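Just so it is clear, the structure is predicted and the values come from calculations on it, not from any experiment. Basis for what follows: all heavy atoms, side chains included, without hydrogens, waters or symmetry-related copies.
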Amino acid sequence: MAAPAFAVSAAGLARPSAPRSGGAERRGRGVELQSPSLLFGRNKGTRSPRAVGVGGSGWRVVMRAGGPSGEVMIPDGGSGGTPPSIDGPVQFDSDDLKVPFIDDETSLQDGGEDSIWSSETNQVSEEIDAEDTSRMDKESSTREKLRILPPPGNGQQIYEIDPTLRDFKYHLEYRYSLYRRIRSDIDEHEGGMDVFSRGYEKFGFMRSAEGITYREWAPGADSAALVGDFNNWDPNADHMSKNDLGVWEIFLPNNADGSPPIPHGSRVKVRMDTPSGIKDSIPAWIKYSVQTPGDIPYNGIYYDPPEEEKYVFKHPQPKRPKSLRIYETHVGMSSPEPKINTYANFRDEVLPRIKRLGYNAVQIMAIQEHSYYGSFGYHVTNFFAPSSRFGSPEDLKSLIDRAHELGLVVLMDVVHSHASNNTLDGLNGFDGTDTHYFHGGSRGHHWMWDSRVFNYGNKEVIRFLLSNARWWLEEYKFDGFRFDGATSMMYTHHGLQVTFTGSYHEYFGFATDVDAVVYLMLMNDLIHGFYPEAVTIGEDVSGMPTFALPVQVGGVGFDYRLHMAVADKWIELLKGNDEAWEMGNIVHTLTNRRWLEKCVTYAESHDQALVGDKTIAFWLMDKDMYDFMALNGPSTPNIDRGIALHKMIRLITMGLGGEGYLNFMGNEFGHPEWIDFPRGPQVLPSGKFIPGNNNSYDKCRRRFDLGDAEFLRYHGMQQFDQAMQHLEEKYGFMTSDHQYVSRKHEEDKVIVFEKGDLVFVFNFHWSSSYFDYRVGCLKPGKYKVVLDSDAGLFGGFGRIHHTAEHFTSDCQHDNRPHSFSVYTPSRTCVVYAPMN
């Protein structure tokens, strides 16, 4: 087999700057920097490039907030569009690694030195196709016609959007050319992206009229046999054959009576003789796995229910909303009772709550099977299997269909950034080698997460992960994904022990894993090409430029970046006294976004709710939450302050933070308990003893009953969040074209801004209330209160008269053409709308 071709993972792009200390992505990310990786294909050889001396700011502000003079926020005005400064010119030697740029007219020829996939590698699918003509092609005639992705663009528009990127054109065009070349090779040798991304129809278990075919890619194994309940776990009964490319296969004909050779619900595994010894593994493409009571390891389940037991979707998928209001959830901990909740209960009890609260999307964590419950679903063992803790695959389909009936978009928190290091249940060491699905050596081991790092430059890994994304969209009708740990994927240091200052060389240098970035481009290309209404959100703390720009124009392709810096800023502020908060600092953090790259923002997510951290409510009210939340009892200054600021923080985050908003379940009413998964005591490798919690579920639940109890102050906080969501539904202010911050007054502690027709007034002062306080506005006329955090319904003091009418005058104020006077009490936020 030919040697792999070059693919400089951090390749040929820029010399990294001196290392910086501090900083880490949420939950920790990282492995040490390694030498360039290899990509499948023919060996061409490379030369190391000369250093690239570049700099400049990594952030372009989506909207600039004005002081008393005011500055129009993009796109309403032209300010804020000036590119960041450049520290120095870009220089290359003529003999540096050449960018394999492909223009719109170029087409790659079959085979030869232009293909990054060797002819031997390309035979994987061809040999399978030849052998399966008699079985699989019979089924293909009933499928819809092959779908064709739109051809790649030229990737040049990013330089018009951000001219500073021209100084990193070498890196970006290498990246885009690699993406285009892989697209071309998939079209040339794999039958196109439609076929390539349906790997679940060629690997794992396939049922046909004649029997069952099982295939597995395990090049490191010396022998393989399919074992399970169906053959009494006899390793000598069903030996598999291996082709030259490491694909093992067996065909089991139907029984004499026509019944399938493997009954539905049977336990199955593949037994392999590997370099690490004989091992039983759950098939990599398994669709369902369970942990039998009393057993430690999981078992793969052959899942092929009879037609009458299969769930049939009844409701169409909703259209993508213009603005996303996401309710982040975890099925297992969604019950008020200390237990593992089910898909069915979540469907019947939690989904109607989400709809009532005014959210239009539900994001579900921990769907992919994970052996360790306490991993929050992030240490995935079986990528194609929904977690069996919560019910059956049909139960999950029923849940999603019910959400669609309610008009809710369903997003899956998908994990492609790493995999569990569990060798019993997962992919780690699947074929007995260290380099099967993952990088070898230290690069393939995530030191912070204790997990395995995928080799995104391997064709079979790309097939596996792209097929995985498509499987969830096709089979379960998910409406999109939140991709966990994108920062960890895009850098060989995983965003750990580095500080991103915004200089562009931090994004386009040796520390960038180009293979991983190109995989994300292919994934977004696939999803948006075949499922135009699907939503992709990437969790990125680094601020990678082009991350949320379409692939066609040269971007990574996400619809939204998950704006993690906002939550970190609130925690930073809450550690101090709110009397010292700077209004300009708050506005800058909320509005500091890249031009044309949309963001989903949040004040807090599940990260802040975990044991060892604190929610915003707990930072504000601490132990007073346990004794002073009853309306018929006394309050305390901490409670009054905490409830007021809790509402203000959430509304200003939604108002200024981005085009989407996210909240973790229960945080809308200030859930008083942290999340602590059931666990026993453990001793770390260092010898440190960590006490357990007696495997208790007491802190692994959501006390929705507290938010619903009208006699508790939690209820008012929940009512405010509900009113906030419904206000956005009515006015669509998060995605309004008109955005303007007219006031950030440090002495008054007042922030005033316009979103669409609405005027938002925030008074963060701890004691000063202001009568006849003039606020500027764009439109003349009569204004009314449409949301008031101080209303009694929301646990406030009722200091605002909602029947009052506010008439504008032609008196300019804060650089606005019109203005009106308001009463703004301390620690309140009020939203005004024109009465017409």
Original post:
Is a side-chain donor or acceptor of T808 paired with a backbone partner of G781 at a separation under 3.5 angstrom?
Top reply: yes
Original post:
Can you list the steps and then say if T329 with Q363 is a side-chain contact (heavy atoms from CB on, under 4.5 Å)?
Top reply: CA-CA 6 Å; T329 65; Q363 178 178 303; 5.9 Å; no
Original post:
If you measure only the distance, is there a donor-acceptor pair under 3.5 Å linking the side chains of H802 and D788?
Top reply: yes
**OP:** Decide whether R650 and Y602 meet the rule of one side-chain donor and one side-chain acceptor closer than 3.5 Å.
**Re:** no
**OP:** Would you kindly check if the NZ (Lys) or CZ (Arg) of K699 is within the cone defined by 45 degrees around the ring axis of W674 and under 6.0 Å from the six-membered ring centre?
**Re:** yes
Subject >> Donor-acceptor under 3.5 Å (R827 side chain, F764 main chain) >> reply: no
Subject >> Chi angles and distances behind the salt bridge (Lys or Arg N to Asp or Glu O under 4.0 Å) call for R561, E597 >> reply: CA-CA 7 Å; R561 183 198 316 273; E597 298 192 38; 2.9 Å; yes
Original post:
For the residue pair H715 and F669, is the inter-centroid distance of their aromatic rings smaller than 6.0 Å?
Top reply: no
**OP:** Count the heavy atoms of every other residue, nucleotide or ligand shown that sit under 6.0 Å from NZ of K779, and state whether that count exceeds 12.
**Re:** no
Original post:
Taking all non-hydrogen atoms of both residues, which atom of T589 and which atom of A565 are closest, and how far apart?
Top reply: CG2-O, 4.2 Å
**OP:** Tell me yes or no: between the side chains of N341 and R702, is some donor less than 3.5 Å from an acceptor?
**Re:** no
Original post:
Of all residues at least two apart in sequence or in a different chain, which pass the salt bridge (charged side-chain N to carboxylate O under 4.0 Å, His left out) check with K784?
Top reply: none
Original post:
How many angstroms lie between CG in N360 and CD1 in I326, if you round to the nearest 0.5 Å?
Top reply: 8.0 Å
**OP:** Show your working on salt bridge (Lys or Arg N to Asp or Glu O under 4.0 Å) between D814 and R816 and close with a plain yes or no.
**Re:** CA-CA 5 Å; D814 287 343; R816 309 308 289 143; over 6 Å; no
Original post:
So, E728 and S323: side-chain donor and acceptor under 3.5 Å apart, yes or no?
Top reply: yes
Subject >> Main-chain N/O of S696 paired with N693 side-chain donor or acceptor, under 3.5 Å >> reply: yes
Subject >> Centroid-centroid under 6.0 Å between Y832 and F760 rings >> reply: no
Subject >> Residue pair E539 / R482: nearest heavy atoms and the distance that separates them >> reply: OE2-NH2, 3.0 Å
Original post:
Without hydrogens or angle criteria, can the side chains of D708 and Y714 be said to hold a donor-acceptor pair below 3.5 Å?
Top reply: no
Subject >> Centroid-centroid under 6.0 Å between H818 and F820 rings >> reply: no
Original post:
E659 side chain to T735 main-chain N or O, any donor-acceptor pair under 3.5 Å?
Top reply: no
Original post:
Quick one: CG on N667 to NE2 on H671, what's the gap to the nearest 0.5 Å?
Top reply: 8.5 Å
Original post:
Quick one: do the D624 and T636 side chains pair a donor with an acceptor below 3.5 Å?
Top reply: yes
**OP:** Return the set of residues passing salt bridge (charged side-chain N to carboxylate O under 4.0 Å, His left out) with K322 (not counting sequence neighbours), or none when no residue passes.
**Re:** none
**OP:** Please lay out, stage by stage, how F376 and H606 fare under the test ring pair (Phe, Tyr, Trp, His ring centres under 6.0 Å).
**Re:** CA-CA 10 Å; F376 227 135; H606 68 272; 5.1 Å; yes
Subject >> From L590 atom CG to C599 atom SG, the distance as rounded to the nearest 0.5 Å >> reply: 11.0 Å
**OP:** Look up atom CE in M365 and atom CE in M665, then write down how far apart they are to the nearest 0.5 Å.
**Re:** 8.0 Å
**OP:** Check the side chains of T487 and D540 for a donor-acceptor pair under 3.5 angstrom, ignoring hydrogens and angles.
**Re:** yes
Original post:
Just by distance, with hydrogens left out, do W570 and T653 show a side-chain donor and acceptor under 3.5 Å apart?
Top reply: yes
Subject >> Residues H813 and S819: side-chain donor-acceptor under 3.5 angstrom >> reply: no
Original post:
Does the side chain of R774 pick up a donor-acceptor pair with the side chain of S821 at under 3.5 Å?
Top reply: yes
Original post:
Looking at F733 versus Y731, is the centre-to-centre ring distance below 6.0 Å?
Top reply: no
Original post:
Under the salt bridge (Lys or Arg N to Asp or Glu O under 4.0 Å) criterion, do D578 and R641 qualify, and how do the steps go?
Top reply: CA-CA 10 Å; D578 64 293; R641 168 184 177 269; 2.9 Å; yes
Original post:
So, the side chain of H765 versus the backbone of S767: is there a donor-acceptor pair under 3.5 Å, distance only?
Top reply: yes
Original post:
Which residues pass the ring-ring contact (aromatic ring centres under 6.0 Å, His included) test with Y359, sequence neighbours left out?
Top reply: Y327
